[in-house]
Every structure is written in C-alpha cells, then in structure tokens.
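Side chains included, hydrogens not; waters and symmetry mates left out as well; all remaining heavy atoms used. In what follows, chains are A, B, ... by sequence order, proteins preceding strands, each numbered from 1. Since the structure is predicted, the reported quantities are computational estimates derived from the model, not experimental observations.
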There are 2 protein chains.
Amino acid sequence: MELMTETHRRPGPRIEEVARLAGVSKSTVSRVVNGEQYVSAKSRAAVAAAITHLRYSPNQAARSLAGSKANAVALIVSEQGSRVLSDPFFAGVLRGVHAELSGRHVQLLLMLSRPEDHDDLIAYLAGGHVDGALLVSLHGDDPLPHRLQEIGLPVVAGGRPLSTPSIPYVDSDNFTGGLDAVRHLVSLGRTKIATVAGPRDMAVGQDRLSGWRRGLSEARLPADLVAEADFTPESGARAMSELLDRTPDIDAVFAAADIIALGALQVLQARGRRVPEDVAVVGFDDSLLASTATPPLTTVRQDVEQLGRTMTWRLLGELAGDDGLPPSLLLPTALVRRASA
Amino acid sequence: MELMTETHRRPGPRIEEVARLAGVSKSTVSRVVNGEQYVSAKSRAAVAAAITHLRYSPNQAARSLAGSKANAVALIVSEQGSRVLSDPFFAGVLRGVHAELSGRHVQLLLMLSRPEDHDDLIAYLAGGHVDGALLVSLHGDDPLPHRLQEIGLPVVAGGRPLSTPSIPYVDSDNFTGGLDAVRHLVSLGRTKIATVAGPRDMAVGQDRLSGWRRGLSEARLPADLVAEADFTPESGARAMSELLDRTPDIDAVFAAADIIALGALQVLQARGRRVPEDVAVVGFDDSLLASTATPPLTTVRQDVEQLGRTMTWRLLGELAGDDGLPPSLLLPTALVRRASA
DNA sequence: TAGGGCCGTGAGAGCGCTATCTCGGTGGTG
DNA sequence: CACCACCGAGATAGCGCTCTCACGGCCCTA
C-alpha cells in the first residue's frame, strides 16, 4: 500500500472547510476574507464565526498564485558591506516600515544586496515575488534603482537617489538641517566654522554640505574648511585632525553625523581643545550616541522612523492605485541643543 | 469592450517556455532547477542555457503551493516596544542570519510581534507560510516559543528562553563572560565589586549575574552589591546611584551591558569618582558605545553576528532533516581590555 | 536469451486560492 | 404589469509549479 506515503500535509483548514461550516460557497468565504462588498451581513457573520472557530488562515502562496500579487514588499539594502544594519538609521527606518505595514497583511522581506549580487536580485524581483520595493542606503552610482524601475516594480527610495532622479523618494531635509546647524553656530558668535562632511557620493553627504555652505554664505563667512569622512568615528577623527593641522584656530565644527562628531570630539579633546569653549561641535541625527557623548552633543534631529513610515505609506499608496501621490517628500529636521554648542 | 481590463500579468517566462526552448519537458526543467539527480548532462546543459537566455526565475508562490514548503524562514522579534530594532545586538544577529541564508534561495521574513498580537502571528505561521522560525529577544515569561512548538514549526531561539527550556537555542556564554569580568576586576585588586545586572526576567540578565556571583565566590568576596537595570543608559544611571547611596566606597562595577555601563559612567563622573582610579568599570557586548565612551570601556565581547549565523545553521540543518544536531549551543565570549578597568 | 534493476524522461494530477461568469431574487421605473 | 438594474450567491477555470506515476532503453546477471 504505497498510499501510506508520508503525506507531509500542511496543517490547518482549507477555505473549503470554512465554507462548509458557514454554509456558504468558497466564493463567499473568499469575498469575506478579502473584505469585498456584495455579501449579506448574515453570510459575513457566519463566515467570520467559522474562521475564528477553525482558526483559518488563508494560504498566501495560493493567494499569490491565483491573484497575481504577492502581498509582500521588499526592503532592499544595497551596500557593499553589511555595515548598514548596525546603523541606527537603518533600525529606525525598519521600525517605521514595520509600524506602517502592521495590520495590513503585507509581509516584509528583507533583502541585502551587494552590487555583484544585483543580477540575482533583479531576477528574483522580476519574478513577481513582491509587489513593491523600499530601497535604502544608496550610494550615488548605484544602478539598482534604475534597474528596478526598468522591470516595472514600484519603488520608493529612502534618501534621495543620486543616480536616478526620477525615482520617488522620501528624505530628511538635510539641506535645511545643515543650514540650521550653521545658523546656530553663527548665533553663538563663531566665525571659523568647519565641517566634516559625509561621503560626497551620497545625497545625504552632499545636501548637508550644501546647507553648511548656504549658512556660511548667509553670514558672509568663508566656506573653505571642509574635510570628508564616511560614517565611522575613525574617519571622523582623521578628518578632524586634518582640519586642525590646516587651520588650528577653528572655533566650530559641523559634523555630518553624530558618529562622525564622536571621532572629532576625541581628537579635539586629545589636542587640548575644550568643547564647547574653544570649539563648538554640532552633529546630525540625534542618535543615542549624541546624548551619551561627553559632552552631550548638540545635533540636528531627523526622525528616521517617520521616514520609514512615510516611504511605506507612499509605496502602499502606489500599489493601491492612488494617483495624486507626491513624487517625493522631504521630512523636517530640528536642532537639538545640548552642551557641545 | 470590458475585455480591455488591465490584465496586470506578471512578467517573465514560465517553466513551459524554458522547456520548449531546451527541447525537454517541464518535469526535466523542474529537476534541473531543483538540482535533482537523474538528468543527463546534455539536458542539464540545455536547460541551464535556456534559463539564462530567458532570464527565467521560478515563481515562488507556485513552488510553495505545489511543493508544500515555503522556502522562507521568519525572524521573529517578540518585544513589547520596538526598541529592540535599534539594538546593536539585533543588528548583529540580523547580519549573521542574512549571511548564512544568502545564496540558499531562502527568503527572510521579518516579523515583530507584541504579546497582544501573538494570536495573529501564530495563525499566520500555522498556515505554513514559512518553514521555520528564528526567535530573538525573549522575556522569560513569553509564551511564544511554546506556542510555536505546539504548532510543530521548527524553531531556534537566540538567547536561552527562560519559559521553554526544551526549545533549541544558541546563546553567548554569558555566565563565563560575567565570571571573566569579575576575575579581571579581582586581578586588579578590587574588593568591593558591584554589579548593575540586566532584567531578571531574561536569561541574559540571570546568566551574567550568575557569572558575577561565581567570580566573587571564587575570590571569597561578598556578593551583595546588586542593582538591576534594563538596557538603557537611564536605568543604568539610576541603578548606579542607588548602589553609590548604599555603599559609597564601591571600587568596581560590572555592568551587564555597555549601554548600562554608559549610564553608570555618567553618574560616577557626576559624583566625582574617577574611572578607573576610584572605580573600575566593565561592560558587556563590546558595542560601538564601548570604544567611543569616555574613558573607553573594558568590556566582554560577544560575537552576535556569529550567533545569528549559528542559529540559522541550526535551523536549516533541522529543515534539511539532519539529525544529530546539538540541541543547543553556547558561543564563547572574550574580555576586551580598554581604559575603564 | 530472458529477467530484473536502474536511469532518464514525459504526462498529468493537483496544491488552495481568486477571478470571472452565471443566475435567481428583489425592488424600482415607465 | 412587464422590464431592467442590481444585489447576493454559486460554479468553475485556471495561476505556475512539483510530484507521482508510467514507460522505454540500457546494462548486468543467471
């Protein structure tokens, strides 16, 4: 009797059984499950009761197959290293995305992809396994957004993508953030205001730098004290050293990120500068690092969780067929005053 | 002409087309795609060529439906707040999980669940939408691991689950870590060694505390200087204050996490204690916070990425039907000496 | 030379849903 | 009173794949 094969059946009831218990057809159950109209209150209640009683949970695979939609979106992190994941920025976005998704029966697939894996990624996404994609941490030359657009997958980027301006994105208002930081420094009477900028191949680096420039030009101060760092304390320290070597009498620094500011802070203290008396320091992000630094860091707050929520809202809107959605959105930033400036 | 409905067809070729191009049947293409035996080298090559040429990517939904397996695992974060996501611990685990999964055609579903959402979660998972689950950040009384076990879903926990000892888990050797921290403090000649312990309803809190106790008992020192905190600098600061109020002449503190140590450090400095001269401080985790603290923190390093990898390895092993897998695994920790002790 | 494995392959039956078509009943309109 | 729009419901055809089964050819053994 080879009928006795171990049938490894998936557990749980089928839609069929729910229909039988509720005394209606599969179609009606499907309508109820999908919240469609044209179902009598009576049927609706009967189905709901049956679902609860049987603990029915519709099979996503079957649903996707029949319905030509995946009920899932991908959060794609495109980065050479996987450093990003430790970044509070990423954590915040993730939290926001999840918050916005929760209760909507849309699954979140997390995909990291290094540039050399992009082909696989594209193939997978082109297969219709997700309905849309959220993109974060884009370096400027990353061809990924463009390629996603090519295969017709709805995409929203977190942070302005340098390479593909046509893609919808949500970003913090980094320019105004940088501008506000400098205005604050100017209001403190500082005149030799340097910056440790972020990577120039990322919009976030460019925009905060532009804000700094604008602030200095407003105050008719020279904008020549620039060093570049990536988002590590080490590179922040290195950049600060350069700046100090070049111009020892700097009296303020705008760091493009708290984590950069931290490295700068260490160098400043090691070189005998008092913060904020000799050199005022402003960071960016208002991460945990800012409040626990010594001295606590004045910084520009960005609400990354809100950024995640907004990206998701935008994507789901597009998937629902809303038009009139803004192509892109800028989220406000705010200066948080602490001891360092 | 309502035939003109927007047919929203999924893009890409079907298995059928690959078969036609390769001159074989669907069955053979399926065999090649799934790496089965009993396919001639010739057919295999023809199919591979066709796949490449057509950029074929099999439809996961159809695969899951026909094959009764989801080709996906869930990473479940069970927590009241969504604070966890910002935790470097979580980020590290995530990175490890992803690394171990990559190239295996297994998708990662990220699911956060507050206790009040557990019913939904269970229903979803019972539906066979994932093949297994990875669990992190469990408070002791969390019924989730038990319930997952009930529905027969293969599960591996990250961190020892207090409530369900029978569940396979992977954890850092927190006990030995705590022990090593104290031994180091003792070797420095400290005798009034306090601890700011982690939450007592989490294994990680209990185990590090036990290690501290053992260390003191080895050195025949009293183990009565205990305060408890959760994983925030604020609670660390509060706990440190209590400790100092109770016993002003403390000369060393073992904090159950770097983030707790940070709060302790601030209180210590505010109260005029020099670190490490008056009070030596040891943290746990070796997070970024440890190296950027003032002074840089001596701490116990745990390799959370490795933890994520190991959890995943264990789960995939179980899914592949390996037996002889160790039920649980402990990963080594290591003391990292810096300035604070 | 006949029999039995084993390899390589194809045909075809579902997997559990959703989408579409169909149809009877109801109530408002000319 | 006939007509028709519309609501509520059921029947059924796939969605794209995997899995089981069947079958022919080959090699090895008796």
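- Recorded end-axis angle for the helix from C:dT1-D:dA30 to C:dG30-D:dC1 stands at 40°, based on five pairs per end and rounded to 10 degrees.
- Phosphate proximity of D:dC17 to B:Ser64: absent, as no side-chain N or O sits under 4.0 Å from OP1 or OP2.
- A:Pro145 has its side chain out of reach of A:Leu148: every pair of non-hydrogen atoms, C-beta onward, lies at least 4.5 Å apart.
- Atom NE2 in A:His129 sits roughly 17 Å away from atom P in D:dC15 (whole-Å rounding).
- Between B:Trp313 and B:Val97, the closest side-chain pair of non-hydrogen atoms is not below 4.5 Å.
- Between D:dC15 and B:Asn59, no contact under 4.0 Å exists linking OP1 or OP2 to a side-chain N or O.
- Rounded to whole Å, atom P of D:dG16 lies 9 Å from atom CD of B:Glu17.
- Here the side chains of B:Val156 and B:Thr310 are not in contact, with every heavy-atom distance at 4.5 Å or above.
- What separates CG of A:Asn34 from P of C:dC17 is a distance of 11 Å, to the nearest Å.
- For B:Ser43, the listed nucleotide lying nearest its side chain is C:dT9; candidates were C:dT9, D:dC17, C:dC17.
- Side-chain atoms of B:Ile15 lie closest to D:dC17 of the nucleotides C:dG16, D:dC17, D:dA9.
- Each of A:Leu135, A:Leu144, A:Thr164, A:Ile76 was checked for a side-chain contact (heavy atoms from CB on, under 4.5 Å) with A:Val155, and the lone residue meeting it is A:Leu135.
- OP1 or OP2 of C:dG8 has not a single side-chain nitrogen or oxygen of B:Ser40 nearer than 4.0 Å.
- Judged purely by distance below 3.5 Å, without hydrogens or angles, the side chains of B:Asn34 and B:Arg63 pair a donor atom with an acceptor atom.
- Looking at A:Val106 and A:Asn71, their side chains never come closer than 4.5 Å, going by heavy atoms from C-beta outward.
- Atom-to-atom, CD of A:Gln37 to P of C:dA19 comes out at 14 Å; the value is rounded to the nearest Å.
- Nearer the 5' end of DNA chain C, as judged by each residue's closest nucleotide, is the contact made by B:Val24, out of B:Val24 and A:Ala62.
- Atoms NZ (B:Lys42) and C1' (C:dG8) sit 12 Å apart, rounded to a whole Å.
- Look at CD on B:Gln60: it is 15 Å from C1' on C:dC15, rounded to the nearest Å.
- Residues A:Leu121 and A:Met111 are in side-chain contact: their nearest non-hydrogen atoms beyond the backbone lie under 4.5 Å apart.
- Dashed line: the shortest gap from a side-chain N or O of B:Thr28 to OP1 or OP2 of C:dG8 is not under 4.0 Å.
- Comparing A:Val39 and B:Val29 along DNA chain D, the residue whose closest nucleotide (by nearest heavy atom) sits nearer the 5' end is A:Val39.
- In this structure, B:Arg20 atom CZ and C:dA11 atom C1' are separated by 16 Å, rounded to whole Å.
- Side chains of B:Tyr56 and B:Leu21 form no contact here, defined as non-hydrogen atoms less than 4.5 Å apart.
- Contact check for B:Leu331 versus B:Asp171: no side-chain heavy atoms found under the 4.5 Å cut-off.
- For D:dG16, neither phosphate oxygen OP1 nor OP2 lies less than 4.0 angstrom from any side-chain nitrogen or oxygen of B:Tyr56.
- Between B:Lys26 and B:Ser30, the closest side-chain pair of non-hydrogen atoms is not below 4.5 Å.
- Listed nucleotides: D:dG16, D:dC17, C:dT9. Nearest to the side chain of A:Leu65: D:dG16.
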Just the table, please: protein N/O against nucleotides 11-13 of chain D N/O, every pair under 3.5 Å.
unit_1: D:dA11; atom_1: N7; unit_2: A:Ser27; atom_2: OG; d: 3.3
unit_1: D:dA11; atom_1: N6; unit_2: A:Ser27; atom_2: OG; d: 2.6

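- At whole-Å resolution of the value, CD in B:Glu36 and C1' in C:dT9 are 12 Å apart.
- The side chain of B:Tyr38 has C:dT9 as its nearest neighbour among C:dC17, C:dA19, C:dT9.
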